[in-house]
Amino acid sequence: MKLSEQLNKSIVSYANLPALFVDNKCITYKQLADYAENINTSAISEAEQVGILSYRDTHYYSAVLACALDSRTFIPLGVKLPIARLISIIGQSNLKYVLYSKKYLSISQQLKKALPDRIFVCLDDIANKGTASAKPLHARSLSNVAYVLFTSGSTGAPKGVPISVTNLGSYLDTMCESLPLSNTDKVSQVFDPTFDLSMHDIFVTWLQGACLYVVPEAAIFAPGKFIKQHGLTVWFSVPSTASIMAKLGMLKNGAYPSLRVSQFCGEPLPRALALKWQKAAPNSKVINLYGPTEATIACSKYEFDCNDDSDSSYIPLGKAFKNMSFDLDAQGELLIAGPQVFSGYLNDNDKTEQCLIKTNNITHYRSGDLVKRDAQGVFHYISRIDDQVKIQGYRVELSEVNTLAQNFLSNPLVQTIATPIQQPQSLTLFICNPADIESEQALIEYLKQQLPIYMVPKKIIWIDSMPLNSNGKIDKSALHTMTEK
Amino acid sequence: MSLTNSIEQAINNKLIEKHGEQILVSLNKQDSLISSGLLDSLDFISMLMEIENSLNLDIDFEEADPVQFTSYSGLIQLLSESANA
């Protein structure tokens with residue numbers, strides 16, 4: 001069944017159940033669907049694709065539902081992105097229509113000034129208008145693309161990743177089958193709209209009649225209280241969020257008995273942190289998901305077992321979903337195939353050709369992730385292929401230094417960078433712990449014993465917490481800035 | 001200097017370090033320092049650690065609501081209350 005049909009089925013089946021909790025208000029499936037209907041019959045009714053300039057409010061989620069119901073592509077426009085980047089996104093995707101929340105009127109005015117031929121439609125006005133007008137007669141073709149997300153591109157301009165309705169449908173089928181929810185589940189929504197993991201939250205929840213609990217912006221930083229207050233049953237965030245919660249003493253044993261499923265994705269999940277979370281959420285499965293945006297949200301999973309005595313510092317990526325397949329090339333780069341793999345970047349054939357390769361008539365996506373497969377067929381992350389640096393001509397895998405330092409110091413968060421950024425001369429190791437001169441010296445001695453001298457960090461910087469970017473991943477450019485101070 | 005004043009001073013110092021003196025004039029004390037972009041999570045955590053160390057406080061955030069404690073006035077309130085508890 002198509003996504004739009006499945007969503008319609010949910011709306012009928014769960015009409016008077018809560019679909020969304022946002023800004024301290026609960027909204028039922030019926031109310032949400034009525035608003036979505038109004039959006040679809042507004043000035044955007046002819047549009048095959050729309051941009052959504054909104055954030056963590058009823059407007060945003062209603063606009064997403066509207067697009068999915070009417071087979072219209074949506075492009076989340078990050079309200080915190082610089083105007084120039086938004087202009088680039090709107091230009092590249094040839095967006096004619098932008099839906100915006102009144103809260104972001106000033107951004108939309110700036111965009112309108114730069115792009116006078118685009119049509120900006122205020123969501124608050126649609127919401128206030130009340131009943132839907134009759135469907136317009138204009139025919140338009142249904143879009144095969146569910147959403148387009150823009151990721152940072154190596155050349156500086158953001159890179160558009162279109163995910164088709166088929167890609168998304170395949171992902172959702174797998175997730176709904178492997179992690180079924182019920183209409184009493186309360187599901188977290190932590191991820192930023194420009195991060196594809198937010199699509200998981202929204203659609204996995206609504207296809208199964210559960211309620212999406214939008215964590216308020218100011219609470220995302222450390223959402224322990226929110227989980228308790230609302231008795232959330234399903235959690236999904238980057239591991240860094242859990243790590244900050246641990247630092248603030250929010251992961252005490254038994255703190256979150258209501259959780260029954262906890263998922264992490266977006267960066268490697270440290271084993272020590274998974275264990276801490278498991279103890280804080282004793283009734284919950286702890287699941288590590290993995291996958292690049294280009295292969296739709298996630299394509300492998302691993303269920304953490306606290307009795308597993310593995311000595312690896314990180315939780316494995318697990319095995320590919322049953323409809324997906326993983327292969328390794330000669331270098332150990334993970335190649336991903338299956339119905340979730342996208343069909344190429346927006347207007348960028350060169351990049352598409354670089355990352356989509358055809359072998360034996362099967363298209364594989366080159367993930368850029370170096371992985372290894374163990375005897376059980378479980379995949380383990382090693383490093384980014386493009387995180388490799390050269391120090392004085394020698395090849396250096398930064399993750400190797402990270403892992404050694406981490407193991408030696410009993411698992412703090414660490415990150416090595418090569419500095420200066422343009423032509424690296426040496427490594428700087430950031431350790432997320434209170435400064436400790438004695439163990440610093442011991443660590444250097446240890447690393448000297450383990451690594452060629454050019455791989456031993458010249459400088460160690462102790463920090464209280466890792467800087468994170470808007471997706472909650474370790475912000476390496478912020479670390480570089482810190483070394484320049 | 002009272003404890004509350006010391007905490008206020010520590011937060012002021014961090015904000016001034018990042019944004020200069022004038023920031024204190026335009027500051028909305030009820031807004032989250034993180035959501036408003038004045039401090040990132042790194043700044044915020046490191047500021048907390050500095051305050052805890054220098055004033056010898058050990059704060060338990062388990063029941064604390066970040067919507068409140070990430071704002072200027074909320075943070076001062078939480079820290080002073082915890083210290084006096």
Side-chain angles (χ1 to χ4, degrees), chain A residues 23-24 55-56 79-80 82 190 192 215-230 238 240-241 243-256 280 413 415 430 432-435 461-470 472-475 477-479 481-482 485, chain B residues 7 10-11 13-20 26-83 85:
Chain A
D23 295 332
N24 282 316
Y55 181 68
R56 294 186 182 276
V79 297
K80 301 215 162 141
V190 179
D192 195 88
V215 182
E217 185 183 8
I220 295 173
F221 164 67
K225 172 114 183 171
F226 188 87
I227 300 176
K228 278 189 190 179
Q229 202 177 4
H230 298 289
V238 288
S240 291
T241 304
S243 169
I244 285 181
M245 289 167 72
K247 261 189 199 314
L248 292 173
M250 288 180 172
L251 292 189
K252 296 206 172 69
N253 288 356
Y256 309 110
L413 208 52
Q415 182 66 51
F430 287 84
C432 193
N433 248 355
I461 300 179
W462 301 83
I463 51 178
D464 293 321
S465 67
M466 278 292 167
L468 305 175
N469 62 24
S470 62
K473 294 185 181 179
I474 291 176
D475 186 348
S477 64
L479 292 178
T481 313
M482 287 163 73
K485 272 185 188 164
Chain B
I7 296 166
I11 304 174
N13 288 347
K14 186 76 186 183
L15 289 172
I16 291 169
E17 176 198 321
K18 297 277 291 186
H19 303 281
S26 57
L27 186 71
N28 180 336
K29 294 188 173 177
Q30 269 71 49
D31 282 356
S32 163
L33 296 168
I34 299 176
S35 309
S36 61
L38 291 178
L39 299 177
D40 59 24
S41 52
L42 161 78
D43 302 324
F44 193 83
I45 291 270
S46 73
M47 179 178 74
L48 278 183
M49 303 282 166
E50 281 163 27
I51 295 174
E52 284 191 317
N53 290 339
S54 66
L55 302 176
N56 208 11
L57 303 173
D58 185 16
I59 310 300
D60 186 353
F61 287 90
E62 194 186 357
E63 296 297 329
D65 183 356
V67 175
Q68 267 131 37
F69 77 72
T70 60
S71 78
Y72 185 96
S73 46
L75 182 60
I76 291 171
Q77 195 189 342
L78 177 79
L79 294 178
S80 347
E81 278 173 8
S82 313

Would you mind checking which part of S32(B) comes under 4.5 Å of any heavy atom in chain A, side chain (CB onward), backbone (N, CA, C, O), both or neither?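 Contact with chain A: side chain only.
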Apply side chain to side chain contact (heavy atoms under 4.5 Å, CB included) to N433(A) and list each qualifying residue two or more places apart in sequence or on a separate chain.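 Here the qualifying residues are P412(A), I431(A), W462(A).
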Value rounded to 0.5 Å, distance of CD1 in I45(B) from CZ in F221(A): 4.0 Å
At what distance, to the nearest 0.5 angstrom, does NZ of K247(A) lie from CE of M49(B)?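 Answer rounded to 0.5 Å: 5.0 Å.
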Ion pair present between K225(A) and E62(B), side-chain N to carboxylate O less than 4.0 angstrom? no
Is it true that D65(B) and K228(A) have a side-chain N and a carboxylate O under 4.0 angstrom from each other?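 A salt bridge is absent here (no side-chain N lies under 4.0 Å from a carboxylate O).
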Taking the side chain as everything from C-beta on, heavy atoms only, tell me whether K252(A) gets closer than 4.5 Å to D60(B). yes
Is any side-chain heavy atom of L48(B) less than 4.5 Å from a side-chain heavy atom of L248(A)? yes
With sequence neighbours excluded, tell me which residues meet ring-ring contact (aromatic ring centres under 6.0 Å, His included) with F61(B).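 Once residues adjacent in sequence are excluded, the partners of F61(B) under the ring-ring contact (aromatic ring centres under 6.0 Å, His included) criterion are F69(B).
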Here the pair of heavy atoms bringing A218(A) nearest to V67(B) is CB-CA, 3.8 Å
Distance-minimising heavy-atom pair for P66(B) and A222(A):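 Answer, listing the atom of P66(B) first, then A222(A): CG-O, 3.0 Å.
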